[in-house]
J.: 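Structure incoming, see below.
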Protein chains: 2
Amino acid sequence: MDTNRKAPIGRPRGFDVDEALERAVVVFWERGYEGASLTDLTDAMGITRTSMYAAFGNKEELFRKALERYTEGPAAYGARALEEPTSEAVATALLNGSVRAATRPGFPAGCLGVQGSLAAGDPGRAARDALIDWRNVGWSRLDERFQRAVDEGDLPPHADAGVLARYVMTVANGIAVQAASGATREQLQPVADAALRNWPPV
Amino acid sequence: MDTNRKAPIGRPRGFDVDEALERAVVVFWERGYEGASLTDLTDAMGITRTSMYAAFGNKEELFRKALERYTEGPAAYGARALEEPTSEAVATALLNGSVRAATRPGFPAGCLGVQGSLAAGDPGRAARDALIDWRNVGWSRLDERFQRAVDEGDLPPHADAGVLARYVMTVANGIAVQAASGATREQLQPVADAALRNWPPV
DNA sequence: GAACTTTCGTACCGAACGGTACCGAAAGCG
DNA sequence: CGCTTTCGGTACCGTTCGGTACGAAAGTTC
């Protein structure tokens, strides 16, 4: 049944898809969807246009796959934070992770999920909407997690999980903007600490 | 000395510069610098390309002038907030104003100073850098204001004005991102309230 | 080996980009 | 009335955009 697992017919691909995708993540992260041209992307990926189209479809799908990759890679702190035992630990892990990811040496400053495309013309609307979804899914997961904390008694019964989740996401998004403006890790960590003092901000 | 104040020689301009600039502000606000084409801009401004170039120089200078206009118009709450008597009133006015401006009906959601250009390719670098300056000037003004509050005893002597200013700017930037993601005024005002509870977050 | 399937590199497509040359039109000046 | 000066509209510039046609190259299967 599993004959030729490693040798599909036809000429084999001459590059590593995952590695090429990681290179594309960096370009989108640094220049945004509209600012990243196909030439920028394929140069960084080390492949030709035709190879990119054959492997990923088109620029829009490449962006979607790059966003998935980003979520599992540089932004994986988000999913990990949700597994912390208390709401305070969740919020702390999320904001500390956001500071670290937005100021990691060797990577663009900021967050792909924010600066990939906030405002766009017609050709970039699909990418912008994909990022809006991405951010709203993040809020939704955090909302559910905080609602669970309310049910468990970890947060006071009158706490509004939705507002708390939006508060944390707002600070995380702001940290990304600040990092894109040149703020350093040393400047942003105290901001995350300040946002987490007196948790929850009932 | 002031002869012909109102009638310079040559054919007079057939449109109102300020009104055209306000239309351009909305286009940049909605589509970002790179997403706003000259056709988008001149169509909205109701003038031709040549008139735009004669009046404003080029796309980059038009963006700079639009940003000035935005600062004096929709973002004027920032300068007003600095005149509040206490640091808490300053922070409150700034965040409440940011919520209102980012969700004003009839205008694009979010903040031109954030979504105008966060990440950009080579042709948009100048606009991106102009916005980085714009945001950093905002932080600097707030830093000075909070430092004054420390000197006046309105903030405790050990308070770090720079951190407090960055905290407020971070929340304001996050509010802008949230608004661009579709968050409503009713959803964002409680976030601003939460950020201001227990002021200052020593 | 031959036949087949897929990838890769080049060279190109039409469209849109920011920006400009040119010329007629409209005003103040003598 | 010329004359000068500036504005406004058209038509165009070279470049870059995202996307593709096509043939050569590189593998597997017979």
Side-chain angles (χ1 to χ4, degrees), chain A residues 2-21 24 27-28 31-66 117 120-128 130, chain B residues 2-21 23-24 27-28 31-66 117 120-128:
Chain A
D2 58 350
T3 54
N4 300 343
R5 165 83 45 102
K6 65 192 300 204
I9 54 179
R11 174 174 172 176
R13 190 170 273 146
F15 63 97
D16 184 75
V17 177
D18 284 346
E19 190 178 323
L21 193 53
V27 176
F28 280 130
R31 311 174 90 94
Y33 178 78
E34 288 183 306
S37 72
L38 280 182
T39 304
D40 295 332
L41 290 163
T42 52
D43 282 359
M45 298 165 88
I47 63 177
T48 62
R49 288 165 114 79
T50 45
S51 298
M52 192 283 282
Y53 274 89
F56 300 100
N58 59 16
K59 188 186 178 185
E60 198 178 305
E61 289 190 35
L62 175 63
F63 182 76
R64 295 192 131 88
K65 281 160 185 157
S117 178
D122 297 314
R125 285 289 155 89
R128 189 202 57 170
Chain B
D2 58 350
T3 55
N4 300 343
R5 163 85 40 104
K6 64 190 303 203
I9 54 180
R11 173 174 171 177
R13 191 169 272 146
F15 63 95
D16 184 75
V17 177
D18 284 346
E19 190 178 321
L21 193 52
R23 308 274 190 90
V27 177
F28 280 130
R31 309 174 92 95
Y33 178 79
E34 287 183 308
S37 72
L38 280 183
T39 304
D40 294 332
L41 290 162
T42 52
D43 282 359
M45 298 164 87
I47 63 178
T48 62
R49 288 164 112 82
T50 45
S51 298
M52 193 284 283
Y53 275 89
F56 300 101
N58 60 15
K59 188 186 179 184
E60 199 178 305
E61 290 190 34
L62 175 63
F63 182 75
R64 296 190 130 89
K65 281 160 185 158
S117 178
D122 298 312
R125 285 289 154 89
R128 189 201 58 170

J.: Starting from P on dC12(D), measure out to CZ on Arg49(B) and report it in whole angstrom.
T.: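 Taking atom P of dC12(D) as the reference, CZ of Arg49(B) is at 15 Å.
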
J.: Using whole Å, report how far CZ of Phe56(A) lies from P of dT7(C).
T.: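 Roughly 12 Å, once rounded to whole Å.
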
J.: Let's go through Arg49(A) and Thr39(A) carefully: what are the C-alpha distance in whole Å and the side-chain angles of both, what is the deciding distance for side chain to side chain donor-acceptor pair (under 3.5 Å) to 0.1 Å, and is it a yes or a no?
T.: CA-CA 8 Å; Arg49(A) 288 165 114 79; Thr39(A) 304; 3.3 Å; yes

J.: Between C1' on dC17(D) and CG on Leu41(A), what's the gap in Å once rounded to a whole number?
T.: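 Distance check: Leu41(A) CG to dC17(D) C1' gives 12 Å.
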
J.: Is the closest side-chain heavy-atom distance between Phe63(B) and Lys65(B) below 4.5 Å?
T.: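 They are not in side-chain contact.
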
J.: Could you check whether the side chain of Arg11(A) and the base of dT7(C) have a donor-acceptor pair of N or O atoms closer than 3.5 Å, going by distance alone?
T.: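 Yes, a donor-acceptor pair under 3.5 Å.
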
J.: Mind calculating the distance between NZ (Lys59(B)) and P (dA16(C)) to the nearest angstrom?
T.: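 Result: 16 Å.
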
J.: Please work out whether the ring planes of Tyr33(B) and Phe28(B) are parallel, tilted or perpendicular, with thresholds of 30° and 60°.
T.: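 Correct class here is parallel.
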
J.: If we only count heavy atoms from C-beta on, is the Thr42(B) to Thr48(B) side-chain gap below 4.5 Å?
T.: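 They are not in side-chain contact.
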
J.: I need the CZ-P distance between Arg31(B) and dA16(C), as an integer number of Å.
T.: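 These atoms are roughly 13 Å apart.
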
J.: Please determine whether a side-chain nitrogen or oxygen atom of Ser37(A) lies at a distance below 4.0 Å from atom OP1 or OP2 of dC17(D).
T.: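 Answer yes for this pair, as a side-chain N or O of Ser37(A) is under 4.0 Å from OP1 or OP2.
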
J.: Is any side-chain N or O of Thr50(B) under 3.5 Å from a base N or O of dG9(D), one able to act as donor and the other as acceptor?
T.: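 Answer yes: a donor N or O sits under 3.5 Å from an acceptor.
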
J.: Any side-chain donor-acceptor pair under 3.5 Å between Arg31(B) and Ser37(B)?
T.: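 Judged by distance alone, the side chains do not pair up.
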
J.: Starting at atom OH of Tyr53(B), determine the distance to atom P of dC22(C), rounded to an integer number of angstrom.
T.: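 Computing the Tyr53(B):OH to dC22(C):P distance gives 18 Å.
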
J.: With DNA chain C as reference, determine whether Pro12(A) or Leu38(B) sits nearer its 5' end, using the nearest nucleotide of each.
T.: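 It is Pro12(A), whose closest nucleotide lies nearer the 5' terminus.
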
J.: Just N and O in the side chain of Ser51(A): are any of them under 4.0 Å from OP1 or OP2 of dC8(C)?
T.: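 Ser51(A) to dC8(C) OP1/OP2: side-chain N or O found under 4.0 Å.
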
J.: Ignoring the backbone of Thr48(B), work out which of dT20(D), dG19(C), dG8(D) is nearest its side chain.
T.: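 From the listed options, dG8(D) comes nearest.
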
J.: Taking 4.0 Å as the cut-off, does a side-chain nitrogen or oxygen of Arg13(A) come that near to OP1 or OP2 on dT7(C)?
T.: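 Looking at the OP1 and OP2 atoms of dT7(C), one of them is under 4.0 Å from a side-chain N or O of Arg13(A).
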
J.: Whole Å only: how far is the CG atom of Asp43(A) from the P atom of dC17(D)?
T.: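 Between P of dC17(D) and CG of Asp43(A): 10 Å.
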
J.: Categorize Ala36(B) for me: base, sugar-phosphate, or nothing, with a 4.0 angstrom heavy-atom threshold over every strand shown.
T.: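 Since only primed, P, OP1 and OP2 atoms lie under 4.0 Å of Ala36(B), the category is sugar-phosphate.
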
J.: Rounding to a whole Å, what distance do you find between Ile47(A):CD1 and dT7(C):C1'?
T.: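 Roughly 11 Å, once rounded to whole Å.
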
